[in-house]
Every structure is written in structure tokens, then in C-alpha cells.
*Asks:* 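Just dropping this structure here.
Below, chains carry the letters A, B, ... as their sequence lines are ordered, and counting in each starts from 1.
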Amino acid sequence: MGKRIMIDPITRIEGHLRIEVEVENGKVKDAWTSGQMFRGIEIMLQGRDPRDAHHFVQRSCGVCTYIHALSSVRAVEAACNIEIPENARIIRNLLHGAQYQHDHIVHFYHLHALDWVDIISALSADPVKTAKLTETTGGRRETAEYFKQTQDKLKTFVNSGQLGPFNNAYWGHPAYKLPAEANLMASAHYLEAIKLQAKAARMHAIFGGKNPHPQSLVVGGVTCVGDLTPERISEFAGIWKETKAFVDEVYIPDLLAVASFYKDWAAIGGNNKTYLCYGDFPQAGINDNLLMPAGVLMGDLTPKPVDTLKITEDVTRAWYEKGSAKHPYEGETKPIKGEVKYDTEKQYSWMKAPRYDGKSAEVGPLARVLVAYTSGQKEVKALVDNVLKTLGVGVDALFSTLGRTAARGIETVVIGNAMEGWIDKLKSNISSGNKKTYQPWTMPDKGKGFGLNDVPRGALGHWIEIDGGKIKNYQYVVPSTWNLGPSDGKKQKGPVENSLIGTPIADPKQPLEVLRTVHSYDPCIACAVHVTDLENNETYKVSVI
Amino acid sequence: MKEDQNNEFYESLEAKGVSRRDFLKYCTALTAAMGLSHTFVGQVAAKIEAASKIRPPVIWLHFGECTGCSEAFLRTPDVGAIILETISVEYHETIMAASGHQAEKSLQDAVKKYRGKFICIVEGAIATKYKGAYGKVADRTFLAIAKDIVPKAAAVIAIGTCATYGGIASAKPNPGGYKGVGDALGIKPINISGCPPNPLNLLAVIVKYLGKEKIELDSNGRPLFAYGESVHDNCPRLEHYEKGNFVREFGSKEAELGYCLYQLGCKGPQTYNNCPTAKFNDATSFPIQAGHPCIGCSEPNFWDTMTPFYEES
């Protein structure tokens with residue numbers, strides 16, 4: 001038996017996550033992922049007004065803000081047969097697109113980069129050579145003076161003796177491969193991205209009042225009709241443009257530059273090749289002409305349509321009372337009422353284990369990009385081929401930690417590009433006098449529906465049943481639950497657990513390599529842990545997809 | 001690295017005004033929002049520089065939360081300068097590089113080194129049922145961590161409605177027995193409520209604290225300079241309320257005209273916060289400006305007392 005390593009807390013994520021790995025002969029032999037917090041938002045929703053649900057569920061997460069609210073209003077609209085106006089769909093897409101732009105930049109620079117970039121090494125870089133490096137990345141050219149200023153700032157910081165968030169990290173670890181100049185380049189952009197993200201988030205504030213937790217969605221549409229002025233739309237467009245320039249000229253070139261030093265990670269961190277994607281960004285009707293198409297890949301490169309009836313959740317390894325794997329609508333989930341014991345042989349997480357057709361499935365950027373690529377989405381295909389060509393690797397390289405991180409960059413570009421068309425359409429609608437942003441409706445006595453959504457971290461579904469105008473049952477199956485859920489009754493591991501197996505570990509006391517793969521999934525644990533108390537609910541079947 | 005050399009190096013850059021510049025610029029914006037005088041902020045910044053050879057250490061604890069308060073803080077313009085040049089964030093799970101044992105070491109080292117001197121910011125509610133079983137970090141319950149760390153701080157700031165009053169985690173039926181940090185520990189922190197709170201209010205409290213200015217609190221433990229007036233008092237739509245111009249349906253002509261949202265359930269009159277004056281995201285907007293009623297998110301138990309949100313109360 002190998003050596004067990006516990007990593008708790010996993011930092012640079014949302015929420016409370018524990019990872020345990022068993023290391024033997026310098027490689028991970030086995031892995032366990034554990035959610036360490038439980039709140040129970042769905043229990044709270046029972047009996048409440050369905051119109052209020054989006055405010056509650058949005059508080060699942062302040063990092064993946066907005067997206068639960070979007071799924072929730074979609075679910076209630078489906079249950080109440082409401083078709084929202086075109087402007088509402090466009091504004092929701094713009095807010096969702098803005099979330100992608102913001103979230104993926106923050107993930108790359110502030111949550112993931114320090115797994116690849118050694119900030120301390122940047123101190124010994126030559127600013128002149130660093131400036132030359134930017135001439136070769138195809139990105140924004142920077143001066144030696146710019147890098148000298150960054151380096152001075154870092155030196156001041158390090159020499160202050162107060163390393164703050166950079167304290168006790170893995171600096172100097174043998175798995176860091178970037179030359180000092182690349183480390184300085186990335187460090188400079190890390191700092192720049194801190195400023196940029198605060199600005200990018202203003203896109204949410206313009207049409208949503210604030211970020212995090214924008215507050216302009218309602219069941220039936222959006223409320224920000226007062227902000228639909230040419231000036232306000234231009235303000236939005238200006239920030240979109242600046243953010244897009246950063247993505248194109250800084251984020252993507254950095255991603256490719258960093259990746260070129262870590263090509264070995266194109267063969268590490270894949271999983272069982274099952275990928276699930278609901279698709280998103282309807283460009284017509286309620287849910288038509290999706291920019292990112294829906295589909296499932298089950299071990300091959302032929303996408304199949306998503307059948308939500310094949311979704312089940314298993315609680316064998318989670319801290320709930322025992323029961324068989326069931327469809328979310330038929331589920332029965334009862335949290336252990338008392339102290340919980342972490343035991344990887346028995347129960348070890350607050351996360352349930354979602355399965356598609358009995359298999360653990362990866363969701364998120366890689367799933368979306370693979371489904372789009374294999375479905376022939378032209379823009380995705382061109383970008384993926386270009387990235388593979390630039391790095392000199394084949395399609396197989398996508399099924400990896402590096403592939404996951406690259407896919408996130410690729411879709412940031414695709415979605416950012418699409419936003420321009422949405423802004424233009426909104427402008428032309430407004431100038432032609434169409435300001436309709438809301439569809440009046442009345443609450444039915446009974447109804448049920450669900451809202452599917454593909455959000456920065458992956459496939460998200462919210463299901464609601466209304467009875468007597470109140471919420472009878474509400475539940476959601478969340479991206480990070482798909483990715484970070486535990487093993488199941490068939491001893492079939494979750495995607496992150498699978499991905500970690502085989503990872504090389506240079507120094508078990510400093511498991512930097514584990515963090516690389518875990519962070520490549522961009523975990524969000526507060527979202528992932530939630531539960532529905534169905535003790536008093538009748539079982540019923542859903543007939544619509 | 002030798003500490004005295006470090007200080008010398010740091011001070012030499014301080015003398016050039018490099019590290020405080022962004023902060024001062026930010027403070028200027030802050031004074032406008034808080035109605036403080038510019039000289040006051042200048043004095044505070046000068047005091048921080050003069051008094052501290054070290055940057056004020058901050059330990060930020062995450063409990064039962066969604067990280068929205070941290071995210072709100074990170075939306076502060078020039079937040080990089082605040083984190084790296086003004087204060088020293090010794091522990092913050094969302095941004096720190098180290099994980100696992102190394103992260104725990106950072107926490108323990110900081111508490112040991114700065115015992116009685118650090119500012120402790122608590123985000124998220126604390127699970128108290130089943131001996132705190134529903135929330136843990138590194139095998140310790142939120143409750144145990146809070147009992148260990150919080151009393152060793154010089155000042156405790158509860159950030160967001162979860163840490164102040166329990167927030168969403170404590171909404172009925174509150175499965176985990178979640179409580180705000182004040183209730184869970186029987187202490188009186190400075191409460192900066194809101195879901196999320198305005199980061200300006202946090203920054204203003206830190207500036208005032210470091211400037212040794214007395215911070216007057218209301219009966220809910222919130223600083224009066226930010227929570228002394230209701231959202232309604234300062235609402236840009238107040239005139240419509242007084243004239244009886246109400247929006248009765250979203251998407252209506254009245255909605256387009258920016259009429260009062262009271263009849264759609266706006267909780268502005270019962271909610272104390274400076275949203276209409278400070279606004280969010282570099283003064284871009286706030287919910288009522290975006291045409292949505294206030295949901296009362298800075299009030300204790302608002303998830304239960306202010307719902308249903310879209311009904312007039």
C-alpha cells in the first residue's frame with residue numbers, strides 16, 4: 001500500500017474541498033474527493049413562492065454567481081409555460097456571456113496560474129528578455145519598463161517579509177518548468193488581471209444592478225428596462241471590448257506560452273472519456289440555435305443527444321441515509337442527522353454521485369468544446385485545430401489536464417465573439433422602439449419543469465414542481481457535483497478521482513501536481529453540496545426532456 | 001531574508017510614495033461615498049504609514065458561505081494594491097497559493113506571530129447543530145476554528161449577512177443550525193451585512209479602525225455611517241413614492257418611466273444600507289436602479305421575514 005496524502009483545505013477554489021490521494025512509486029494510485037460543507041438550500045425552498053427561488057439558489061455560489069438564478073427562472077418559466085421576449089433572452093445571454101468572460105479570466109490567472117507559474121522565480125528574470133518574449137507569443141507587446149515595474153513591485157512585496165497569500169507555497173518545486181522570464185510575464189498579467197476582472201464585472205452591474213449576485217432577473221424576463229439606453233449599451237459594449245482585447249491579446253497568448261512548457265500534461269489528468277453537455281446561449285426562441293451545442297460523448301467522438309431521464313444520483317459514499325441510485329425526480333435524500341465520519345471505505349463526502357446512463361461523466365469547458373468540436377461547430381473546430389497545431393499535439397492531447405485548461409480559453413473566445421452580435425441586436429431592437437423585456441404571466445396552481453443550462457463549470461439543471469402556487473419540490477444537479485462527486489455503489493469513481501490516478505508526484509509533502517488537475521476542473525463546492533428532502537414527496541415520472 | 005533589511009527596502013519605496021498611491025486614489029473615491037473629508041483619509045493613510053513598519057495583518061476565515069463576499073471585495077477597484085501593498089492577507093482560502101498542510105501552517109504561523117494584533121474577517125455562517133458536523137476545514141468544525149482563532153484577533157469584522165446574522169444557511173428550517181459569528185461565539189463583532197455587502201463599507205471600516213476612529217454601531221452591530229439610513233430614505237425613486245407613482249407590473253410603461261417599486265414588493269423602507277449612494281462595482285448601479293425591488297438583504301433573517309419578495313409588505 002502506498003502513502004496516503006490528505007490535502008485539506010484545497011485553496012484557490014470556491015468552498016470547502018478535501019482531496020486524499022494514495023501515492024505509490026511516485027504516482028497517484030488512488031484518489032478521493034470530499035465536499036466538507038452542507039447547507040441545504042433546496043430544503044429551505046419547499047413551500048415558498050416559486051418567484052423567489054432564483055434569489056435563494058443564486059446564493060449557492062458567489063463565484064458562479066448569476067447562473068443558478070438563470071437556471072431557476074428558466075425552470076419556473078418552463079413550469080408556467082412562459083415565453084420570454086427576445087430582448088430578455090439577449091440580455092440574459094449577455095449577462096451569462098459576461099460571467100464566462102470574467103470567470104474564466106479569474107480562473108486562469110488567480111485560481112489556476114500559480115500551479116504553473118513560480119512567482120518567486122520571476123524576481124530573477126531579465127525584464128529586457130521578458131519584453132522580447134512578448135514579441136514571440138503573438139500577444140500584446142510589452143516594454144522592458146513595464147516588466148521592470150512589475151518586478152520591482154514583487155521585490156518590494158517579497159522583501160517586506162510579509163508574503164501574505166504567497167506564503168508557504170510551492171515555490172522552487174521541481175514541477176515548475178517555466179523560465180524566469182515566462183514567470184515574470186505571467187506574474188505581470190496576474191496583477192493586471194486583478195484590475196481587469198473588477199472592470200469586467202461591471203458588465204453585470206450595468207444590466208444587473210451589481211456583481212456578485214446581480215438582481216435584474218425575474219420569472220418572465222428582466223427588469224433593467226431603464227438601462228436600455230444607447231449610452232448604457234455603449235458602456236456595456238466598451239467594457240466587453242476591453243475584456244475581449246485582454247482575452248485575445250493576453251489570456252490566450254499566455255495560455256499557449258505556458259502550455260508549451262508543460263506538454264507532458266497533455267497526457268496526464270484525463271478520465272473515462274464520458275462527457276456531458278446541455279449546451280447554451282440560445283440565439284432564437286426559448287432554447288433554439290445554441291451557440292454551444294448539447295450532446296453526450298460516451299467513450300468515442302460521436303456526440304449523442306442528451307436524455308435527462310438517464311441522469312441518476314447515487315448516495316452510497318455520501319453522508320446520507322442509504323438508498324439506491326435514482327433519477328433526481330424520484331430521488332430520496334436524507335442527510336445524516338448527527339456527526340459524520342470521514343471513511344473512504346464507507347462514506348466520505350457531502351456530495352452525491354451523479355451518473356449519466358450509469359457512468360460518471362465530466363462536465364465543463366472540455367465537455368463543451370469536445371461536443372462542439374465533434375458536432376462540427378465551425379468556430380470551435382478552427383480554434384481547437386489552431387491550438388493543437390500551435391502546440392504540435394494531436395486530438396488525444398485534449399483528454400487531459402492541459403486540454404481542460406485550453407478548452408476553457410477556447411470557449412472564452414467563442415462566447416466573447418458572439419456577444420458582439422447580441423449587443424448589436426439589442427441596439428437595433430431598442431432603436432426601432434422594441435423595449436419589451438418582460439412577458440406578463442399568472443402563476444398556475446400546478447406545474448413542473450426544468451431549466452437546463454451550461455455554465456462556466458459545466459452542465460447545470462434545476463427541476464421544480466409547483467403545487468398550490470408554491471414550491472412542492474425543487475432540486476438541482478450541479479457541475480461540480482458531476483466532476484467532484486465521490487465513488488458510487490459500483491465502486492465507480494468520479495471524474496476528478498479518475499483524473500488524479502496516474503499523476504506523477506515529485507514530492508509527497510508538496511503535492512503541487514494534484515492541485516493542477518483538481519484546479520483544471522475549477523471546483524465549486526458550495527454549489528456542489530445541496531440536497532432535497534423528499535421525505536414527504538410522492539414519486540412521479542417526468543415525461544418531457 | 002533578514003527582517004530589518006526588508007523593512008529598509010520597503011521603507012525606501014514607501015518614501016517614493018509608490019505603494020500608497022493607488023490606495024490614496026481609492027480612498028478619495030471612498031470619502032465621496034462615505035461623506036468623509038478628504039483630509040481625514042489623508043491623515044489615516046499617513047497614520048498607517050507612520051505607525052506600521054508592517055502592513056496590518058488580516059486573517060480571513062471562510063465558513064458556511066458562497067464566497068460572494070470575497071468576490072465583492074475583489075471587485076474593489078485597485079484591489080490588487082490593497083491586498084499586496086496596503087494590508088497583508090495572511091490567510092484567505094480563495095486567493096492563497098498554498099493548500100492543505102501548507103495553508104494550515106500559514107494560518108497557525110499568522111495567529112502566533114500576530115496574536116492580539118490581526119484583524120479577523122469572518123465570511124459565512126457557523127454550523128452549530130450536531131456539534132457543528134455540517135461544516136469543516138482540515139478536520140475541524142467551523143465552530144471549533146472560530147472558537148480558536150477569533151478570540152485572538154485585535155478586531156473582528158463579520159462580512160455579509162451569513163457571518164453577521166446566519167444568512168441563507170440559517171433560513172428556515174436551518175438544517176445545519178447555522179448562526180452568525182456573534183451569536184455562535186457570544187461576541188459583538190463589527191457587522192457589515194448585505195448579500196453581498198458593499199466592499200466600500202468594509203474598506204471604510206478598516207480605514208477607520210486603523211485610524212483609531214470610533215465606529216458607531218446600530219443595534220444590529222452595523223456601522224452607522226453606512227447603515228444609518230434606509231434604502232428608501234435615499235432612493236432615487238423616492239419622489240415617485242411620494243407622488244404615488246407606482247410600478248404595478250414589470251415591463252410596463254411605469255417600469256420604463258422608473259416609477260417606485262414599492263407595490264412590487266420593494267423592501268427599501270425596512271432595509272438599512274447605503275446602496276443608493278455608494279452603489280456597487282465602482283458606482284455603476286444598484287438593484288433598484290436596475291428596475292428590481294430591494295429584497296432587504298442586509299437585514300437579519302431577511303430570507304424569512306422579507307419573503308415572498310414580490311409581495312407588498
*Asks:* As a quick check of understanding, evaluate ring pair (Phe, Tyr, Trp, His ring centres under 6.0 Å) for A:His213 and A:His55, giving each step before the final call.
*Replies:* CA-CA 8 Å; A:His213 300 337; A:His55 293 291; over 10 Å; no
*Asks:* Using a 4.5 angstrom heavy-atom cutoff, name the option from A:Gly62, A:Gly15, A:Gly209 with the most pairs to chain B.
*Replies:* A:Gly209
*Asks:* Where on A:Ile5 is there a heavy atom nearer than 4.5 Å to chain B: the side chain, the backbone, both, or neither?
*Replies:* neither
*Asks:* Mind ranking A:Arg232, A:Lys199, A:Gln58, A:Lys435 by heavy-atom pairs under 4.5 Å with chain B and telling me who comes out on top?
*Replies:* A:Arg232
*Asks:* Donor-acceptor pair, distance only, cut-off 3.5 Å: does the side chain of A:Ser349 make one with the backbone of A:Gly35?
*Replies:* yes
*Asks:* Looking at B:Gly80, B:Cys297, B:Pro196, which has the largest count of heavy-atom pairs under 4.5 Å with chain A?
*Replies:* B:Pro196
*Asks:* Less than 3.5 Å apart, any donor N or O on the side chain of B:His92 or B:Ser70 sitting next to an acceptor on the other?
*Replies:* yes
*Asks:* Any ion pair linking A:Asp8 and B:Arg140 (charged N to carboxylate O, less than 4.0 Å)?
*Replies:* no
*Asks:* Using non-hydrogen atoms and a 4.5 Å limit, figure out which bit of B:Tyr114 sits close to chain A: side chain, backbone, both or neither.
*Replies:* side chain
*Asks:* Run the side chain to side chain contact (heavy atoms under 4.5 Å, CB included) test on B:Phe142 and B:Tyr134 for me, step by step, so that the C-alpha distance in whole Å, both residues' side-chain angles and the decisive distance to 0.1 Å come before the verdict.
*Replies:* CA-CA 9 Å; B:Phe142 297 157; B:Tyr134 284 9; over 6 Å; no
*Asks:* In terms of heavy-atom proximity below 4.5 Å to chain B, should A:Arg202 be classed as side chain, backbone, both, or neither?
*Replies:* both
*Asks:* Mark yes or no: A:Arg18 above the aromatic ring of A:Tyr342, with NZ or CZ under 6.0 Å from the six-membered ring centre and no more than 45 degrees from the axis.
*Replies:* yes
*Asks:* Pick one of side chain, backbone, both or neither for A:Thr65, based on which atoms fall under 4.5 Å of a heavy atom in chain B.
*Replies:* neither
*Asks:* Can you tell me if B:Lys129 has over 12 outside heavy atoms packed within less than 6.0 Å of its NZ?
*Replies:* yes
*Asks:* Who among B:Thr141, B:Leu261, B:Asp139, B:Leu257 has the most heavy-atom pairs with chain A under 4.5 Å?
*Replies:* B:Asp139
*Asks:* State plainly whether the residues A:Lys509 and A:Asp507 are in salt-bridge range, i.e. N to O under 4.0 Å.
*Replies:* no
*Asks:* Heavy-atom pairs under 4.5 Å with chain A - which of B:Pro173, B:Gly176, B:Cys275 has more of them than the others?
*Replies:* B:Pro173
*Asks:* Testing the 3.5 Å rule here: is there a donor-acceptor pair between the side chains of A:Thr11 and B:Ser99?
*Replies:* yes
*Asks:* Mind ranking A:Gln36, A:Lys210, A:His16 by heavy-atom pairs under 4.5 Å with chain B and telling me who comes out on top?
*Replies:* A:His16
*Asks:* Relative to chain A, which segment of B:Tyr178 carries a heavy atom at a distance below 4.5 Å: side chain, backbone, both, or neither?
*Replies:* side chain
*Asks:* Taking atom types as modelled, find out whether B:Gln289 and B:Arg237 have a side-chain donor-acceptor pair closer than 3.5 angstrom.
*Replies:* no
*Asks:* Heavy-atom distances under 4.5 Å only: say whether A:Ile13 touches chain B with side chain, backbone, both or neither.
*Replies:* backbone
*Asks:* Please check if any side-chain donor atom of A:Gln510 sits under 3.5 Å from a side-chain acceptor atom of A:His173, or the reverse.
*Replies:* no
*Asks:* Checking heavy atoms, do the side chain of A:Asp49, its backbone, both or neither come under 4.5 Å from chain B?
*Replies:* side chain
*Asks:* Quick one: what part of B:Ala255 sits under 4.5 Å from any heavy atom of chain A, side chain, backbone, both or neither?
*Replies:* both
*Asks:* Are B:Glu93 and A:Arg12 ion-paired here, with the side-chain N under 4.0 Å from a carboxylate O?
*Replies:* no
*Asks:* Against chain B, work out which of A:Ile10, A:Asn211, A:Ile7, A:Val63 has the most heavy-atom pairs shorter than 4.5 Å and name it.
*Replies:* A:Asn211
*Asks:* Who wins among B:Phe280, B:Phe250, B:Phe286, B:Tyr91 for the most heavy-atom pairs under 4.5 Å with chain A?
*Replies:* B:Phe250
*Asks:* Among the options B:Glu104, B:His101, B:Glu249, pick out the one with the most heavy-atom pairs lying under 4.5 Å from chain A.
*Replies:* B:Glu249
*Asks:* Given heavy-atom pairs under 4.5 angstrom as the criterion, report whether the side chain, backbone, both or neither of A:Trp319 touches chain B.
*Replies:* neither
*Asks:* Could you tell me which portion of A:Leu217 (side chain, backbone, both or neither) has an atom closer than 4.5 angstrom to a non-hydrogen atom of chain B?
*Replies:* backbone
*Asks:* Using a cut-off of under 4.5 Å on heavy-atom pairs, state which of A:Pro511, A:Pro440, A:Pro214, A:Gly221 scores highest against chain B.
*Replies:* A:Pro440
*Asks:* Less than 3.5 Å apart, any donor N or O on the side chain of B:Ser106 or A:Asn168 sitting next to an acceptor on the other?
*Replies:* yes
*Asks:* Pick from A:His204, A:Arg48, A:Lys436: which one has the most heavy-atom pairs with chain B under 4.5 Å?
*Replies:* A:Arg48
*Asks:* What part of A:His102 gets within 4.5 angstrom of chain B, counting heavy atoms only: side chain, backbone, both, or neither?
*Replies:* side chain
*Asks:* Give the member of B:Lys172, B:Lys279, B:Glu90 that has the highest number of heavy-atom pairs under 4.5 Å with chain A.
*Replies:* B:Lys172
*Asks:* Before you tell me yes or no, could you show the steps for B:Glu311 and B:Lys267 under salt bridge (Lys or Arg N to Asp or Glu O under 4.0 Å), namely the whole-Å CA-CA distance, both residues' side-chain angles and the distance that decides it to 0.1 Å?
*Replies:* CA-CA 10 Å; B:Glu311 297 294 333; B:Lys267 304 298 185 283; over 6 Å; no
*Asks:* Quick one: what part of A:Asn167 sits under 4.5 Å from any heavy atom of chain B, side chain, backbone, both or neither?
*Replies:* both
